[in-house]
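Letters go in sequence order (proteins before strands), and every chain restarts at 1.
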Amino acid sequence: MEKLTLEYLRTIERKWQQIWKERNIYEADADPKKPKFFLTVPYPYTSGPLHIGHGRTYVLGDIIARFKRLLGFNVLFPMAFHVTGMPILSISDRISRGDRKTIDLYRTYVRLYIDNEEEVERVLESFKDPINVATFFADNIQKDFESIGLSIDWRRKFHTAEPIYNKFIEWQYYRLKDLDLLKKGTHYVRYCLLHKQPEGEDDIEDGDVNPVHIQEFVAIKFKYEDGYILASTLRPETLYGATNMWVNPNATYVKVRVHNGEIWYISRESLIKLKHQYPFEFEAIEDTIGSAFVGKYVESPLGDKLVILPASFVDPDRVTGFVYSEPADAPYDYAALMDLKRNPDTLRKYGVDPSILDSIKPKKIIEVKGISGLHAEYVINKYNIKNQLDPSLQDATEEVYREQFYNGTMNENAGELAGLPVIIARDRIREKLIRENKAIIFYETSRKAVCRGKGKIIIARVDNQWFLDYSSEWWKKKTKEHFKRMLIVPEKYRKVFEDAIDWLKFRPCARLRGLGTRLPFDKEWLIESLSDSTIYMAFYTIVHIIRSSNIDPEQLTPEVFDFIFLGHGDPAAISTKTGIPIDTLEKMRRSFEYWYPNDLRHTATPHISNHLTFFIMHHIALFPEKYWPRGISLNELVICEGQKMAKSRGNVIPLVDIAKKYSADLFRLYVASSADLDGVVDWREVEVARLERSLLSFMRICLDATKIEEADTSVIEKPAVRWFLSVFYRHLENAKTLLENFKIRDYITSMYYEIINYIDKIKKRIGEHDALKAVRLILKDWIIALSPVIPHIAEEIWSRINRDPLKWSINLERWPETRKEFINERLEALEDILGNLISLGRELKRLLKSPVSSALIVVAAEWKFEVLDLLREKFLKGGTRDLKQMLGQVREKESLRKHIEQVAEILKKVFEGKIKVPEVELTQRDVYEYLQQNREHIARELDVASVEIIIEETATPDIRDRAQRSLPDRPIIVFA
RNA sequence: GCGGGGGUUCCGGAGUGGUCAAACGGGCGGGACUUAGGAUCCCGUGGUGAAUGCCUACGCGGGUUCGAAUCCCGCCCCCCGCACCA
């Protein structure tokens with residue numbers, strides 16, 4: 001007898017994975033005779049190892065694939081690898097540069113797969129070429145996938161930097177351009193001054209944990225001497241409350257002549273930024289120290305004269321290095337003014353008379369419900385802010401900003417903005433100032449940032465940026481129409497998609513660096529990673545043919561794809577032109593036509609608003625309607641011991657650990673059963689350990705049952721076994737429905753947990769050996785039904801009981817038929833009555849103060865059965881609630897008439913919902929006999945020496961009161 | 001702010017118009033087995049009760065209904081998304 005341990009499970013898992021692979025059991029080819037099901041799960045990004053959260057998504061996809069195979073579908077479940085974009089390149093760059101943190105991190109990653117240290121270093125060295133990063137992880141992720149038992153057709157794998165894939169994407173972009181969905185325009189990006197190139201999140205130091213956003217400031221021109229001081233703000237509507245100007249006295253400013261001859265005064269740092277944002281010439285005339293401005297005056301576009309005062313919080317490296325002061329609503333301004341009032345010497349130092357402060361009065365211009373005084377003052381007090389260098393000012397500012405933006409209204413002090421909500425006023429004044437040449441837009445990073453090579457990040461303008469125009473009207477309209485017809489599981493995510501389709505506007509779809517495919521008509525641009533992975537499911541249908549036919553990338557011209565995917569063109573002509581044999585072209589066309597559309601795409605919810613929506617839209621733009629996607633199913637994430645998995649927490653469990661430390665089937669069962677699709681799976685070691693014990697004991701039962709001869713049906717007539725067969729087949733039927741509706745968790749509860757409980761129950765009734773015989777009767781059907789979740793264990797059991805060499809694998813089986821002849825609702829109802837009786841009996845027994853040795857069970861009187869039968873007809877089906885009418889019908893029955901008062905009571909309680917009408921028709925005799933048959937069982941369970949069963953009609957007077965309370969499904973127990 | 005999800009018993013989490021004191025699991029209490037047990041199994045876990053019941057809970061406040069955790073209105077709180085990034 002095998003010792004059942006995790007190690008044993010791992011052994012059989014490896015064994016079967018090996019066999020499945022050798023026999024290519026998951027390879028699927030077009031076969032017009034068979035119905036097809038084309039399932040995809042998005043390919044992983046191969047910049048590092050996957051974790052168990054990814055594993056959940058792939059396993060759920062795999063369960064669906066396996067279930068569909070059991071239903072007789074020809075299932076295609078392919079996989080590939082995504083390498084496009086910056087992350088992999090960035091990792092490679094960092095490793096080449098000798099970045100310690102990255103090297104250490106990747107060393108731990110490589111060690112997950114390789115235990116020879118020399119080899120680890122060799123691999124790490126190879127990562128200096130980005131394609132090696134991609135292929136190393138792609139190869140190992142494939143192994144991880146195999147090790148958790150995914151039923152993937154690996155012949156179709158590819159990665160997105162391969163020339164054949166590039167050709168496919170080129171075709172896509174030619175088509176998009178033909179459709180006029182590709183547009184050129186201006187765009188602002190994060191840009192590194194050192195490397196003179198745009199930098200993505202991956203290139204920016206801490207960009208992943210503390211992302212850098214692009215903020216749009218308005219730099220307003222204030223008249224100053226021979227030109228303008230540019231003071232910047234995110235809140236131009238506050239111009240109406242401006243009281244003074246701030247300058248950093250220690251910073252260096254520069255006087256600049258711009259293209260139209262205007263003179264601007266701005267900080268030295270900001271000149272560099274402006275040069276990257278405006279295409280015209282800037283002529284630096286002279287530098288000025290900030291203190292030189294102090295005490296002088298500017299004039300705002302509204303005509304207000306404002307004095308320039310010193311403030312240390314003003315950062316010359318933030319926008320223009322000047323800010324105007326609006327102390328009513330800006331906590332920084334308010335605090336800086338307070339500081340000056342407290343320390344008048346500061347002003348004297350710059351030769352300014354402190355009395356000037358007396359004329360500076362905050363001017364309230366924004367009303368927010370619940371704030372009566374100055375909003376800035378309110379938060380200064382709330383956060384207990386001491387001075388202008390207090391770090392809490394940031395939070396205080398954000399609070400005011402948020403409150404005023406969403407809930408603020410401009411008051412009568414705000415000139416032409418008066419009465420407008422802030423949200424409108426801001427846009428209005430910005431447009432106006434810019435239109436009148438009184439301000440410019442200035443883009444700035446949301447925080448100070450450097451790239452991983454320590455170069456300073458600013459915001460720069462990119463001309464000729466390529467965009468995908470998702471705002472295109474026909475495109476959106478068609479998408480919305482088709483989307484209504486798509487299957488979305490769980491349905492609650494439908495709205496998120498609809499919103500995403502609405503939100504999408506222009507989206508930059510190419511960048512200047514990275515791995516991937518170049519735009520064929522503008523070769524300096526590389527198609528960005530979310531834009532080159534929208535229709536690749538189509539590529540799966542032909543990629544294995546491209547490879548096996550040794551087609552060169554150069555042969556894959558747009559005409560080839562036009563023919564395969566759209567049926568355009570003459571294959572003979574294309575064949576002549578490209579050298580691809582005509583039958584190969586036609587084979588690819590047939591394969592595509594067979595497999596498409598994608599029947600189901602399964603993935604995790606974060607992809608909804610980007611990838612999945614692009615996926616739908618691109619199909620709609622590029623393919624004929626019959627090839628548009630049919631459905632999407634989604635699952636939530638995995639957390640670990642109640643906490644989000646994060647590199648920074650160090651609690652990420654790599655997928656590779658599953659096959660090393662746990663077991664594939666254990667993992668599969670856990671992630672599929674511990675939460676519904678829309679619930680978060682919490683990976684908790686104690687729970688996993690518990691499930692492990694359960695799974696091993698399940699395995700034990702199955703293995704023991706295999707030792708019983710299939711022909712041994714000696715127990716089949718036992719009531720407990722008949723009952724067991726009934727509940728089993730009802731559950732089997734139910735499980736199929738659940739799976740068809742993607743209720744994977746409920747299916748496992750029904751087919752796994754509940755069946756195990758039923759086996760425990762019959763063990764008590766008929767003993768372990770007979771229980772195993774009963775299990776043997778359903779074993780084959782049971783393991784087939786469980787094979788989608790635990791394919792390895794199922795296969796192992798299968799291999800021990802299957803006698804048909806043609807059906808060597810459980811993968812070749814079909815979902816078992818429900819054996820209706822075994823379903824016996826009456827028996828189940830009787831068993832329920834018995835079960836309830838026992839549990840009630842136990843409860844009552846506990847209440848008794850004195851020990852008891854016998855139980856008298858009273859089955860309800862015959863007439864009560866009649867009443868409930870009547871109710872079942874009239875009440876359950878018809879739904880009448882009319883007591884009088886019901887009583888009228890009761891009176892017509894001779895047998896019931898004499899009990900009319902009690903009947904009325906029962907009816908009342910039924911209407912109140914206190915008594916349930918049993919769904920199955922039973923007679924008093926049925927119940928009586930069933931209880932008789934199970935007297936010993938009842939005695940054992942209630943721990944009494946004797947059990948007597950009588951019917952209410954024969955109850956002796958001393959117990960008659962109690963006996964009267966009996967109901968057909970609720971006999972009375974009297975202990976003595 | 002907008003959009004989405006959610007607030008249920010000690011905890012995690014079922015339940016979306018009536019069999020609900022509330023699935024399932026954890027924790028806790030008791031018992032069995034045992035040299036022992038962190039292993040396994042059984043029982044219990046709102047209150048009350050010598051009886052097969054009764055009373056009470058579902059964020060807060062109203063309403064609809066014979067009947068509401070479930071439907072409607074208002075309010076409070078928590079989580080996620082709001083993009084160009086895979």
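- Nucleotide B/U65 forms a pair with no other nucleotide shown, judged by Watson-Crick or G-U wobble geometry with both contacts under 3.5 Å.
- For A/Phe467, the ring pair (Phe, Tyr, Trp, His ring centres under 6.0 Å) partners are A/His187, A/Phe506, not counting sequence neighbours.
- Going from the C1' atom of B/C79 to that of B/U9 covers 22 Å, rounded to whole Å.
- Under the 3.5 Å distance criterion, the side-chain polar atoms of A/Ser446 are matched with a main-chain donor or acceptor of A/His213.
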Nucleotide N/O of nucleotides 45-48 of chain B paired with protein N/O under 3.5 Å:
none

Using nucleotides 2-7 of chain B, report all nitrogen or oxygen pairs with the protein that are shorter than 3.5 Å.
from: B/G3; atom 1: O2'; to: A/Asp499; atom 2: OD2; distance (Å): 2.3

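- Counting any heavy atom pair closer than 4.0 Å across all strands shown, A/Arg494 reaches no nucleic acid atom.
- Considering only side-chain N and O atoms, A/Arg962 lies nowhere under 4.0 angstrom from the phosphate OP1 or OP2 of B/A50.
- Under the Watson-Crick or G-U wobble criterion, with both distances below 3.5 Å, B/G44 is paired with B/C28.
- One atom, CG of A/Leu834, and another, P of B/U52, lie 21 Å apart when rounded to the nearest Å.
- Residue A/Leu182 contributes atom CG, which lies 20 Å from atom P of B/C84 at whole-angstrom precision.
- The aromatic ring centroids of A/Tyr470 and A/Phe614 lie less than 6.0 Å from each other.
- Taking only side-chain atoms of A/His82, from C-beta outward, the nucleotide of B/A86, B/U52, B/A83 with the closest atom is B/A86.
- Looking at heavy-atom distances under 4.0 Å, A/Phe506 makes contact with a base.
- A 3.5 Å limit on both hydrogen-bonding distances identifies no Watson-Crick or G-U partner for B/A51.
- For the pair A/Ile973 CD1 and B/A51 P, the computed distance is 15 Å after rounding to whole Å.
- B/C85 atom P lies 11 Å from atom CZ of A/Phe467, rounded to whole Å.
- Using modelled atom types, one side-chain atom of A/Ser673 and one backbone atom of A/Leu669 make a donor-acceptor pair closer than 3.5 Å.
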Item to complete: Starting from the C-alpha separation in whole Å, work towards a yes-or-no answer on side chain to side chain contact (heavy atoms under 4.5 Å, CB included) for A/Ile632 and A/Tyr493.
Response: CA-CA 10 Å; A/Ile632 290 172; A/Tyr493 296 115; over 6 Å; no
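- In terms of phosphate contacts, A/Arg690 brings a side-chain nitrogen or oxygen within less than 4.0 Å of OP1 or OP2 of B/G26.
- The 5' end of RNA chain B is approached more closely, in terms of each residue's nearest nucleotide, by A/Asn757 than by the other of A/Asn757 and A/Asn610.
- Taking only side-chain atoms of A/Lys505, from C-beta outward, the nucleotide of B/A83, B/G26, B/G81 with the closest atom is B/A83.
- Comparing atom distances between the A/Tyr45 side chain and each of B/A51, B/A86, B/A83 picks out B/A86 as nearest.
- Computed from coordinates, the A/Leu837 CG to B/U52 C1' distance equals 9 Å when rounded to whole Å.
- B/G59 and B/C66: their P atoms are spaced 24 Å apart (whole Å).
- The interatomic distance linking A/Arg965 (CZ) with B/G53 (C1') rounds to 7 Å, in whole Å.
- Of the possible donor and acceptor atoms, one in the side chain of A/Asp469 sits under 3.5 Å from a partner among the backbone N and O of A/Ser471.
- The CZ-P distance, from A/Phe975 to B/A51, rounds to 14 Å in whole Å.
- At the heavy-atom level, A/Leu504 lies under 4.0 Å from base atoms of the strands shown.
- For the 3.5 Å distance criterion, the side chains of A/Asp532 and A/Thr84 qualify, holding a donor opposite an acceptor.
- Proximity of A/Leu634 to A/Leu677: side-chain heavy atoms (C-beta onward) are nowhere separated by under 4.5 Å.
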Worksheet entry | From CA spacing to verdict: ring pair (Phe, Tyr, Trp, His ring centres under 6.0 Å), A/Tyr758, A/His731 | CA-CA 11 Å; A/Tyr758 295 141; A/His731 277 64; 5.1 Å; yes
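- At whole-Å resolution of the value, CG in A/Leu942 and P in B/C42 are 17 Å apart.
- A gap of 36 Å separates the P atoms of B/G1 and B/G67, to the nearest Å.
- Residues A/Ile141 and A/His54 are not in side-chain contact: their nearest non-hydrogen atoms beyond the backbone lie 4.5 Å or more apart.
- Counting non-hydrogen atoms of other residues, nucleotides and ligands closer than 6.0 Å to CZ of A/Arg745 gives a total above 12.
- Look at the P atom in both B/U70 and B/A21: the space between them is 16 Å, to the nearest Å.
- For A/Ser529 and B/A86, the shortest distance from a side-chain N or O to OP1 or OP2 is below 4.0 Å.
- Residue whose closest nucleotide on RNA chain B sits further toward the 5' end, between A/Arg745 and A/Val212: A/Arg745.
- Base contact: A/Arg507 has a heavy atom under 4.0 Å from a base atom.
- A sub-4.0 Å separation between OP1 or OP2 of B/G53 and a side-chain N or O of A/Arg970 is present.
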